[in-house]
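A quick write-up on the structure given underneath.
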Amino acid sequence: MRTSESAYDRRRLRQWLAGEARADGVSRRDMLRLLAAAGLTGAAPVALGTPAAAAAPGIVKPLPEDRFTVRGTNAETRFASLAGTGYHTPNDRFFVRNHTATPTLSASDWVLTVHGDGLTRDRTVDFTLADLRALPSVTHSAFVECAGNGRSFFTGQQGQPVSGTAWTLGAIGVARWRGVRLADVLRRAGLSRRAVDVLPRGLDADYVTDDGTNLGRVRRPLPLSKALDDVLLAYEMNGEPLPPDHGHPVRVLVPSWVGIASVKWVGDIEVSAEPLYSPWNTDFYRLFGDAHPDGGSAPLTRQTIKSAWELDGQANLATGVTHRLTGRSWSGGGGVVAVEVSTDSGATWRPARLHDAPRRDGWVRWSTHWRPAKPGPRTLLARATDTTGRTQPEATVHNTQGYLFDAVVRHPVNAV
């Protein structure tokens, strides 16, 4: 019987705070210090349109300005560049989220090591890329989205300070991933009945915080129930070998969960008979703030619901002309079944035309026609409803790190 994700998260949070879970690679003293700091990081606001760096250190692929906005070591997709590209995000337009820099790895030399006391006889098993390709393959279309996607709107739209990369809505992409089920690999390695957690770890460089704390390589545990459900070890993206910036040669894909769970450049997986924690689900990727529990929420799992117009902000649209406007909506809770749009700042709403059936782990493309009657600034709105009945709210409950923004985004344009 599977344990629900929310019940798992609540139990792990209690266990870690009580000292009953092992925090991998970082002392408990450092964990508690970082945890306390995470709850106080809301002092530095970010704003929509914060100037970006001229280059992205450590990103391999080209980042032309008409497709990307560079944000430090990251590159955000400009949503306008997705218009007309089809359902799947082209690899050359897929956003990049790096903690450090893209490593250069050889597929022929790559080895995945599966180890831990959650395997039979606490053994270690290695898999080459050829070994993975020899297993039954699975192809699955799914989005990968940073937990902070939409973060800048906490400040720019709601007037609330948050910390972190000032994403608008372009820290998401949908790809057709091909690989093997993590469940098949774990069973080949000798999964024990004692196993409770699975911890993938990347091969990128150690992440060092601004205060000099070395947190090691990116890693984040999964409950065994999720690992055995729909998680893939992906080696292809949209019919091609994984590009370097997206996890070459193999990455983890955790459908519908926050992007940090889909560890890139995976090099080893620990299977543990005891609960695990890492910095990426203790001081990062939890909700802190006045509206959340003392000590923070349970670790984030599923993504939230969002909508985005495939149109640059402050775009000029001619009056007296009928424009076909397009966008995309998605939800981690289920497929999107309806999208409503407003061209008058929310005074009136009408349904958009959907161009895709609701898809678990994916998005829907939509369109609407609008003929602005007179010149002046206008605000476009779009709100989605998913198969669970959830609809985007007018405002998102604040958290200091700016995660899971799900409110209707106000999209400014100019009728000229």
Are side-chain heavy atoms of Leu224 and Val198 found at a separation under 4.5 Å?
yes
Looking only at heavy atoms, the pair that brings Val125 and Ala189 closest together is CG2-O, 3.6 Å
Have Asn91 and Lys61 got a donor and an acceptor in their side chains that come within less than 3.5 Å?
no
When you compare the side chain of His140 with that of Leu232, does any pair of heavy atoms fall below 4.5 Å?
yes
Arg219 (side chain) donor-acceptor with Ser278 (main chain) under 3.5 angstrom:
no
Side chain to side chain contact (heavy atoms under 4.5 Å, CB included) partners of His248, counting only residues at least two apart:
Ala107, Leu242
With a 4.5 Å cut-off on side-chain heavy atoms, are Trp280 and Pro221 touching?
no
Taking salt bridge (charged side-chain N to carboxylate O under 4.0 Å, His left out) as the definition, give me every residue that meets it alongside Asp245, ordered by chain and number, with sequence neighbours left out.
none
Go through it in stages, so that I can follow the logic: the residues are Ser367 and His355, the test is side-chain hydrogen bond (donor to acceptor under 3.5 Å, both in side chains), and I'd like the CA-CA distance, side-chain angles, deciding distance and then a yes or no.
CA-CA 8 Å; Ser367 64; His355 299 280; 2.7 Å; yes
Output side-chain donor-acceptor pairs under 3.5 Å for residues 169-184, partner residues at least two apart or in another chain, one line each.
| unit_1 | atom_1 | unit_2 | atom_2 | d |
| --- | --- | --- | --- | --- |
| Trp177 | NE1 | Ala142 | O | 3.1 |
| Trp177 | NE1 | Ala175 | O | 3.4 |
| Arg178 | NH1 | Glu236 | OE2 | 3.0 |

Apply side-chain hydrogen bond (donor to acceptor under 3.5 Å, both in side chains) to Asn98 and Thr102, showing your working.
CA-CA 7 Å; Asn98 281 355; Thr102 296; 3.0 Å; yes
What's the verdict on side-chain contact (heavy atoms from CB on, under 4.5 Å) for Thr400 and Ser163, showing C-alpha distance, side-chain angles and the deciding distance?
CA-CA 7 Å; Thr400 60; Ser163 63; 5.7 Å; no
Identify whether the distance between the nearest side-chain nitrogen and carboxylate oxygen of Lys264 and Asp204 falls below 4.0 Å.
no
Are Glu145 and Lys306 close enough for a salt bridge, meaning some N to O gap below 4.0 Å?
yes
Polar side-chain atom of Asp197 near backbone of Pro275 as donor-acceptor pair, under 3.5 Å:
no
Working to the nearest 0.5 angstrom, can you tell me the gap between Asn238 CG and Thr89 OG1?
7.5 Å
Evaluation steps, side-chain hydrogen bond (donor to acceptor under 3.5 Å, both in side chains), between Thr326 and Glu310:
CA-CA 6 Å; Thr326 60; Glu310 294 176 333; 2.5 Å; yes
Between OG of Ser141 and CZ of Arg360, what distance do you get to the nearest 0.5 Å?
13.0 Å
Got a donor-acceptor contact below 3.5 angstrom from the Gln401 side chain to the Asp283 backbone?
yes
By the salt bridge (charged side-chain N to carboxylate O under 4.0 Å, His left out) test, which pairs, at least two apart or in different chains, include something from residues 384-409?
Arg390-Asp406
Has Arg220 got a side-chain atom pairing as donor or acceptor with Val263's backbone, closer than 3.5 angstrom?
no
Is any side-chain heavy atom of Phe68 closer than 4.5 Å to a side-chain heavy atom of Thr77?
yes
Determine yes or no for a side-chain-to-main-chain donor-acceptor pair under 3.5 angstrom, with Asp211 supplying the side chain and Thr213 the backbone.
yes
Would the distance check show the side chain of Arg383 and the main-chain N or O of Val408 forming a donor-acceptor pair, the cut-off being under 3.5 Å?
no
Side chain of Ser81, backbone of Arg78: donor and acceptor closer than 3.5 Å?
yes
Any sub-3.5 Å donor-acceptor pair from Asp206's side-chain atoms to Leu215's backbone N or O?
no
Looking at residues at least two apart in the chain, or sitting in another chain, which of them share a ring pair (Phe, Tyr, Trp, His ring centres under 6.0 Å) with Tyr285?
Tyr403
Gln303 side chain to Ser331 backbone, donor-acceptor under 3.5 Å:
no
Do Leu132 and Val250 touch side chain to side chain, with heavy atoms closer than 4.5 Å?
yes
Geometric class of the His99/Tyr207 ring pair [parallel <30°, tilted 30-60°, perpendicular >60°]
perpendicular
Shortest non-hydrogen pair, Ala415 vs Pro372, comes out as CB-CB, 3.9 Å
On the ring face of Phe143, is Arg328 found with NZ or CZ under 6.0 Å from the centre and within 45° of the axis?
no
What's the verdict on side-chain contact (heavy atoms from CB on, under 4.5 Å) for Leu112 and Ile269, showing C-alpha distance, side-chain angles and the deciding distance?
CA-CA 8 Å; Leu112 172 68; Ile269 298 175; 4.0 Å; yes
If we only count heavy atoms from C-beta on, is the Leu233 to Val185 side-chain gap below 4.5 Å?
yes
Yes or no on side-chain hydrogen bond (donor to acceptor under 3.5 Å, both in side chains) for Thr113 and Asp126, after CA distance, side-chain angles and deciding distance?
CA-CA 5 Å; Thr113 300; Asp126 289 339; 2.9 Å; yes
Restricting to ring pair (Phe, Tyr, Trp, His ring centres under 6.0 Å), what partner residues turn up for Trp366, sequence neighbours left out?
Trp309
Decide yes or no on side-chain contact (heavy atoms from CB on, under 4.5 Å) for His292 and Val397, but give the supporting numbers first.
CA-CA 9 Å; His292 304 286; Val397 175; 4.2 Å; yes
Check whether any side-chain heavy atom of Val341 sits under 4.5 Å from a side-chain heavy atom of Arg350, and report yes or no.
yes
Any sub-3.5 Å donor-acceptor pair from Thr385's side-chain atoms to Ala338's backbone N or O?
no
